[in-house]
S.K.: 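Got a structure for you, written out below as structure tokens; questions coming shortly.
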Amino acid sequence: MAGKPFRVIIVGAGTGGLCLAQGLRSRNVDVDVFERDATKTERLQGYRLSIDQTGRRSLEACLPQSRLERLVAQSARPSEGVTFLDHRLNRLLAIDFHPGHPRASNGSDRDMPVGRAALRRMLLEGLDDVVHFGKTFERFEERPDGTVAAHFADGSVATGDVLVGADGASSRVRRQLLPDAQRVDTGIVAVSGKRAMNDSVRATTPAAILRGPTLILGPHGRFLFAGAVEYDHNHGNVEDETAPADRDEYVMWGFSTRREAFALPRDRETPEAGASKDAVVALMSGWHPGLLRLVRQSDDSTLTSFRVQTSVPIDPWPTRRVTLLGDALHNMTPFRGIGANTALRDAAALHRALVAVSGGASDLLPALAAYERAMIDYGFRAVRASLREMHRVHSTNPLARGFTKTVFRVVDRIPPLQGPFLSA
Ligand SMILES: Cc1cc2nc3c(=O)[nH]c(=O)nc-3n(C[C@H](O)[C@H](O)[C@H](O)COP(=O)(O)OP(=O)(O)OC[C@H]3O[C@@H](n4cnc5c(N)ncnc54)[C@H](O)[C@@H]3O)c2cc1C
């Protein structure tokens, strides 16, 4: 099959789809990406993604080294540690990324905090002739000649040898390919917000939050996540290349608990934006004033609320010329912060498989089947891990909560347990 023109169609120009397109482009594989957004910057609110070692290796596999170096240089200041506290700010567990720790700021495993907009901008570079905006995918059709056609809402059709659904958690490609695959409600509702950083915010924010991700276990199954995004300002000309919106400095928080606790009207699934701050403050009665202040003084325009949903793991299916990547299959709760990293891992794996097919080293269906088997395994392991974490931090059972806190305190006192604890 060497020399045979081979064309890949990707639906969705998100984290995973663009990383795959970059990898294929760099190996001269014919690829086109179709994205429903009308422009590069539509709907791009900045939230921070923490790229871990898996994500970084995957980016390395698909992006030119110089671009990755720029992304590293533009990333926010890395965390100095991870802290677990109770709602009165009593320490349960603090893991320091001290110098020499693999996750220290210069360590080999350091996390790379990047704005979603900055990452997308970087992943779009050099793909102007490949990414087609304003193309909402509607359905695919497998043709007798062995090609796949993608149909879009504007009536246009694109044809290729393989179609990759990288169209996120509400994937239409998945709905057609795997109509029985489910995405279900977890019963948890989350509200998040940001407070723009300045000297007074820095002085009044609990110290742990300024050092890195801080996970706060409140009573009655209430949970708060908080972290700060700040940049080093001594990075030569990096700032010149970066859109100002990519370098917003802020403290972000996300409060979550069971939906019933919010006492919502029957016709609402999440608190209304205007009422969400008051709803959260009411549920934080008795919490430390520093945490209440963070929520009360956050900027109203940054408040969002959402139902936490998760995919239900499924077994491998008979492989076709249509496959999936990232949230389109294994969408997960945000409680481990690994959704984007897993989407990037898929992109790197699928890139390897499709390059081998394009070069004649593998046949398409066996290569896709091997990709799918591995991806279903690690992808749904990540889904289960994030769901376990969600249950752990929202448990309303006093015994279970007491047990969790005891585990944290034990790990706090025994440093050799801390590495395995973070990666469990
Ligand atoms: C607040 C928040 C914080 C997060 N933090 C982290 C973190 O720290 N670390 C981490 O690893 N993950 C994090 N995640 C999860 C992460 O953002 C997702 O898992 C990741 O973006 C999934 O990538 P993807 O490529 O599969 O999908 P997406 O990035 O969602 O991309 C899907 C793309 O498909 C397009 N699309 C959808 N439907 C269609 C259609 N019909 N036709 C054409 N195009 C379509 C969409 O417009 C979008 O561009 C976070 C998520 C949230 C909400």
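Counting convention: from 1, in listed order, for ligands and their atoms alike. Keep in mind that what you see is a predicted model, and the values were worked out from it rather than measured. Position 1 is the first residue of the sequence; numbering continues from there.
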S.K.: Tell me which part of Ala166 gets within contact of ligand 1: side chain, backbone, both or neither, using heavy atoms under 4.0 Å.
M.R.: backbone
S.K.: Of the backbone atoms (N, CA, C, O) and the side-chain heavy atoms from C-beta on, which set of Ala340 has a member under 4.0 Å from an atom of ligand 1: side chain, backbone, both, or neither?
M.R.: both
S.K.: Salt bridge between Asp129 and Arg25, side-chain N to carboxylate O under 4.0 Å?
M.R.: yes
S.K.: Please classify the Phe306 to ligand 1 contact at 4.0 Å (heavy-atom distances, strictly less than): side chain, backbone, both or neither.
M.R.: neither
S.K.: Quick one: CD1 on Ile95 to CZ on Phe84, what's the gap to the nearest 0.5 Å?
M.R.: 6.0 Å
S.K.: Indicate, as side chain, backbone, both or neither, the part of Ile51 found under 4.0 angstrom from ligand 1 when only non-hydrogen atoms are considered.
M.R.: neither
S.K.: Are any of the side-chain nitrogens in Lys135 or Asp32 under 4.0 Å away from the carboxylate oxygens of its partner?
M.R.: no
S.K.: Taking N or O atoms only and a 3.5 Å limit, does Leu49 qualify as a polar contact for ligand 1?
M.R.: no
S.K.: For ligand 1, which part of Ile338 has a heavy atom less than 4.0 Å away: the side chain, the backbone, both, or neither?
M.R.: backbone
S.K.: Between Asp377 and Arg373, is the closest basic N to carboxylate O distance under 4.0 Å?
M.R.: no
S.K.: Without hydrogens or angle criteria, can the side chains of Ser192 and Thr304 be said to hold a donor-acceptor pair below 3.5 Å?
M.R.: yes
S.K.: Out of Arg345, Arg36, His330, who is nearest to atom 38 (N) of ligand 1 when you count heavy atoms only?
M.R.: Arg36
S.K.: Run the contact test for Arg175 against ligand 1 with a 4.0 Å cut-off on heavy atoms, strictly below, and give the result.
M.R.: no
S.K.: Check whether the ring centres of His132 and Phe152 lie less than 6.0 Å apart, and answer yes or no.
M.R.: no
S.K.: Which of the numbered atoms in ligand 1 are below 4.0 angstrom from a heavy atom of Val11?
M.R.: 42 (N), 43 (C)
S.K.: Does a salt bridge link Arg172 with Asp167, judged by any charged N lying under 4.0 Å from a carboxylate O?
M.R.: no
S.K.: Mark up the atoms of ligand 1 that fall under 4.0 Å of a heavy atom belonging to Thr15, in ascending order.
M.R.: 21 (O), 23 (O), 25 (O), 29 (O)
S.K.: Applying a 4.0 Å heavy-atom criterion (strictly less than), which segment of Met252 is in contact with ligand 1: side chain, backbone, both, or neither?
M.R.: neither
S.K.: Heavy-atom distance to atom 35 (C) of ligand 1: which of Lys135, Glu35, His132 wins?
M.R.: Glu35
S.K.: Answer yes or no: is there a side-chain heavy-atom contact under 4.5 Å between Leu217 and Asp86?
M.R.: no
S.K.: Run down the list Gly14, Ser50, Ala13 and name the one with the heavy atom closest to atom 31 (O) of ligand 1.
M.R.: Gly14
S.K.: Regarding Thr319 and Glu372, do their side chains bring together a donor and an acceptor under 3.5 Å, going by distance alone?
M.R.: yes
